[in-house]
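Working notes, structure below.
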Amino acid sequence: MSVIYNRVALIGLGLIASSMFWAIKRAGLANEVTGFSRSAKTRDTAREIGLCDRVCNNLTDAVIDADLIVLCVPVGAMEDVAMQIAPGLKSGATVSDVGSVKRAVIDAVAPHLPDDVHFIPAHPLAGTEQSGPTSGFAELFDNRWCLLVPLEDTDPAQVDRLADFWHGLGSNVECMEPDHHDLVLAVTSHTPHLIAYTMVGVADDLRRVTDSEVVKYSAAGFRDFTRIAASDPTMWRDVFLNNKDATLEILGRFTEELFALQRAIRKGDGKELHDYFTRTRAIRRGIIEAGQDTDAPNFGRGPKK
Ligand SMILES: NC(=O)c1ccc[n+]([C@@H]2O[C@H](COP(=O)([O-])OP(=O)(O)OC[C@H]3O[C@@H](n4cnc5c(N)ncnc54)[C@H](O)[C@@H]3O)[C@@H](O)[C@H]2O)c1
Ligand SMILES: O=C(O)C(=O)C[C@]1(C(=O)O)C=C[C@@H](O)C=C1
């Protein structure tokens, strides 16, 4: 892979920025990567582990002469960062972000950017429950989607350039409209996280009430919930505050279905439960048959050859 942007600036040196840095280096996508994070402790750690070619002590130094600036901060901090970097941006630079919500980020960031920079929001659909500068790894984006959410008047050549960059980081790339993005992610990521948080909270309450060993004897499904529920509280607070309508819509549908299943259990309606679980199993099998779950074991096809 060859250099796509001469200088890249990563703002907010956590899981996503650090993974981007290692993946940029792996593929040689930039000649220089600068970085900035708000806390001095994070900047010190970044310097110690060689994260970024140059860690700057202020935002202006980090973005000066950068060809691509990627905002990797929690969604609620995007506006503040955009306001601060705006005066120091080079004409013709591209500003992007990796926020988990798109409409609110566009509304918060776009008004502050000068007309002579390209703003191309993005969202890599890859992550872990870890956060901070030491949590990143170069393979995070391999074979994952990165959704680009360009505004209507964005130069298509610059969108293609950013798509090439994300391909270089290992991702598959597709463009999506912001409201559609927020609805899809409310279904596939945001509401499931809220359910995991709730379930782990319920189990914890139960443990306190009964003094039983709920966590000790937890099965694999619940353990997966506890992994998700260990995700960064600031990031997820900001996701729900900034994707309010879509998450409330999906949560409304979720609780309706939950009540229907609750009623079926109370009434002893085995047919309804069986039909429902048959439908959901078919969905899972369909995903695997279509080869869309790269993490799945060799489901239903016998031993791997
Ligand atoms: N973690 C995931 O699974 C995941 C996946 C895809 C996208 N995202 C999105 O990526 C963004 C970053 O997430 P992350 O997981 O890397 O978080 P993180 O907590 O690991 O890192 C965020 C970093 O930003 C810094 N920061 C916070 N406010 C700042 C400010 N005002 N100025 C400068 N730095 C600031 C923090 O100190 C921290 O180092 C979020 O918007 C999140 O929604 C996260
Ligand atoms: O694997 C995980 O830990 C994640 O939660 C990653 C995950 C997701 O829901 O898939 C979380 C938030 C993002 O915006 C994108 C990816």
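Please read these numbers as outputs of a predicted model, since none were measured by experiment. We count residues from 1, following the sequence as given. In each ligand, atom 1 is the first atom listed, and ligand 1 is the first ligand listed.
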| note | Logged contact type for Trp236 with ligand 2, heavy-atom cut-off 4.0 Å, is side chain
| note | Of all protein heavy atoms, the one nearest atom 19 (O) of ligand 1 is Ser131 CB, 3.6 Å
| remark: shortest atom 12 (C) of ligand 1-to-protein heavy-atom contact is with Cys72 O, 3.2 Å
| note | The protein heavy atom nearest to atom 27 (C) of ligand 1 is Pro74 CD, 3.5 Å
| said: Quick test of your reading of the model: are Arg279 and Asp275 salt-bridged, counting only N-O distances below 4.0 Å? | reply: no
| said: So for ligand 1, is Gly132 a polar contact partner (N or O within less than 3.5 Å, distance only)? | reply: yes
| Under 4.0 Å to a heavy atom of Ala77 - the qualifying atoms of ligand 1, by number | 28 (N), 31 (N)
| said: Please report whether ligand 1 has a polar contact with Thr42, defined as an N or O pair separated by less than 3.5 Å (distance criterion only). | reply: no
| task | Would you check the N or O atoms of Ile16, main chain and side chain alike, for any that come under 3.5 Å of an N or O of ligand 1? | result | yes
| Shortest protein heavy-atom distance from atom 1 (O) of ligand 2, along with the residue and atom involved | Gly127 O, 3.1 Å
| Do NZ/NE/NH1/NH2 and the carboxylate oxygens of Arg43 and Glu48 come within less than 4.0 Å? | no
| Which residue holds the protein heavy atom closest to atom 2 (C) of ligand 1, what is that atom called, and what is the gap in Å? | Met235 CE, 3.7 Å
| query | Quick one: does Ala126 get a heavy atom under 4.0 Å from ligand 1? | reply | yes
| said: Nearest non-hydrogen contact with atom 8 (C) of ligand 2 belongs to which option: Ser189, Gly99, Ser100? | reply: Ser189
| query | Taking it one step at a time, do Trp22 and Phe137 satisfy ring-ring contact (aromatic ring centres under 6.0 Å, His included)? | reply | CA-CA 6 Å; Trp22 301 121; Phe137 52 100; over 10 Å; no
| task | Please report which non-hydrogen protein atom sits nearest to atom 13 (C) of ligand 2, along with the residue it belongs to and the distance in Å to one decimal place. | result | His123 NE2, 3.6 Å
| query | So, is Leu15 polar-close to ligand 1, with some N/O to N/O distance under 3.5 Å? | reply | yes
| Ile24 and Leu169: side-chain contact (heavy atoms from CB on, under 4.5 Å), yes or no, with the steps? | CA-CA 6 Å; Ile24 289 169; Leu169 296 177; 3.7 Å; yes
| request: Report the part of Arg38 in contact with ligand 1, treating N, CA, C, O as backbone and CB onward as side chain, heavy atoms under 4.0 Å; options are side chain, backbone, both, neither. | output: both
| message | For Met235, which part has a heavy atom under 4.0 Å from ligand 2: side chain, backbone, both, or neither? | response | side chain
| request: Kindly confirm or rule out a cation-pi arrangement of Arg144 over Phe141, judged by NZ or CZ under 6.0 Å from the six-membered ring centre and within 45° of its axis? | output: no
| query | Taking N or O atoms only and a 3.5 Å limit, does Ser100 qualify as a polar contact for ligand 1? | reply | yes
| field | Salt-bridge contact Lys25-Asp53 (side-chain N to carboxylate O under 4.0 Å) | value | yes
| query | Would Thr128 count as a contact of ligand 1 if the rule is a heavy atom under 4.0 Å away? | reply | yes
| query | Hey, is His123 touching ligand 1 through its side chain, its backbone, both or neither, going by heavy atoms under 4.0 Å? | reply | side chain
| Closer than 4.0 angstrom: is that true for some heavy atom of Ser39 and an atom of ligand 1? | no
| query | Does the N or O separation between Val73 and ligand 1 drop below 3.5 Å for any pair? | reply | yes
